[in-house]
Amino acid sequence: MVEALVAAAATVASAGVVCLMAAARVVKQYERGVVFRLGRVRSSVRGPGFTLILPFVDRLRKVNMQIVTMPVPAQDGITRDNVTVRVDAVIYFKVVDASEAIVQVEDYRFAVSQMAQTSLRSIIGKSDLDDLLSNREKLNQGLELMIDSPAMGWGVQIDRVEIKDVSLPETMKRSMARQAEADRERRARVINADAELQASKKLAEAAGVMSDQPAALQLRLLQTVVAVAAEKNSTLVLPFPVELLRFLERAQQPAPQPPLSPSDSGSAQSGTGQD
């Protein structure tokens, strides 16, 4: 009799241990547990730590509450200005309502991924190429709003959306390179023309000064000769200025005699008469 009672107690204890092990669950800090009892979701969501459920009656679904980083596959599209591009992005989201994420949508990750791809193609079609290349912050905000609107009904919150890369055809890249090169050449020509204008004004001022002082032109000529003579691999042909010839001609002419006074003329005549 005693042995039968001991055996029954051991059986009950073993069954209790098995039931306890079947009912025991551990929810991690970054998770939340959604309990389904006979197919119906319980209103209370199990927090992190140790929890118990009814074996064979309850079913616990754990939901990760961490921020999920999901790459959006590259999408081909045509921009508003008829340029074919290939754009890829990355999306950051997290679950804010574990019950809604399990009940309202079959697979919230797949749903968010598909919504992100559709929204990205829509953004490409509504934007110009210049906006995709230089105004990405505004496009990121618009893309975030487009994805966040339906995701809120799934218990998912979109944290951030970033456009990673914009791939252009090779022909478009060459066209943009030629455009940038032409723009740089235009600026270079404008700068050269401005420099020529300033130089012409200074040369005009210098010519005015040299016209007043002819010797300044000779000095400038000699300075040019000195500068050219520094290069020993060239032959220098020095023009002989006409002004220098005129100066030498004036130097060779005899000096004019001063006119004689009346007294000198009378002395000269008296001396002639005595002879």
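Sequence positions, counted from 1, serve as the residue numbers for this chain.
Atom CZ in R32 sits 12.5 Å away from atom NZ in K62 (nearest 0.5 Å). For the atom pair I91 CD1 and M115 CE, the distance stands at 10.0 Å (nearest 0.5 Å). Atom CZ in R42 sits 12.5 Å away from atom CG in L60 (nearest 0.5 Å).
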**Item:** side chain to side chain contact (heavy atoms under 4.5 Å, CB included) evaluation trace for S113 with V72
**Value:** CA-CA 7 Å; S113 176; V72 181; over 6 Å; no
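N140 contributes a side-chain N or O that, together with a main-chain N or O of I163, makes up a donor-acceptor pair within less than 3.5 Å. Of the possible polar contacts, one joining the R46 side chain to the L52 backbone as a donor-acceptor pair under 3.5 Å is found. A side-chain donor-acceptor contact under 3.5 Å links S127 to the backbone of I123. The backbone N or O of A188 lies less than 3.5 Å from a partner atom in the side chain of N192, making a donor-acceptor pair. Using modelled atom types, one side-chain atom of Q75 and one backbone atom of P73 make a donor-acceptor pair closer than 3.5 Å. D58 places a side-chain N or O within donor-acceptor distance of the main-chain N or O of L54, the cut-off being under 3.5 Å. Formation of a donor-acceptor pair under 3.5 Å by the D148 side chain with backbone atoms of I158 is found in this model. Between the side chain of D88 and the backbone N or O of D165 there is at least one donor-acceptor pair closer than 3.5 Å.
A cation-pi geometry, defined here as NZ or CZ lying under 6.0 Å from the six-membered ring centre and within 45° of its normal, holds between R59 and F36.
Between R187 and E185 no salt bridge is recorded (no basic side-chain N to carboxylate O distance below 4.0 Å).
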Below 3.5 Å, can you tabulate the donor-acceptor pairs from side chains in residues 193-209 to any protein atom, sequence neighbours excluded?
| unit_1 | atom_1 | unit_2 | atom_2 | d |
| --- | --- | --- | --- | --- |
| S200 | OG | E196 | O | 3.3 |
| S200 | OG | L197 | O | 2.6 |

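By the neighbour-count criterion of 12 heavy atoms within 6.0 Å, atom CG of L133 is densely surrounded, having more than that number from other residues, nucleotides or ligands. Shown here is F110, whose CZ atom has no more than 12 heavy atoms of other residues, nucleotides or ligands within 6.0 Å.
Counting heavy atoms from C-beta on, the side chains of D76 and T84 never come closer than 4.5 Å.
A donor-acceptor contact closer than 3.5 angstrom is absent between the side chains of T51 and R25. Side chains of E31 and N64: no donor on one and acceptor on the other come within 3.5 Å.
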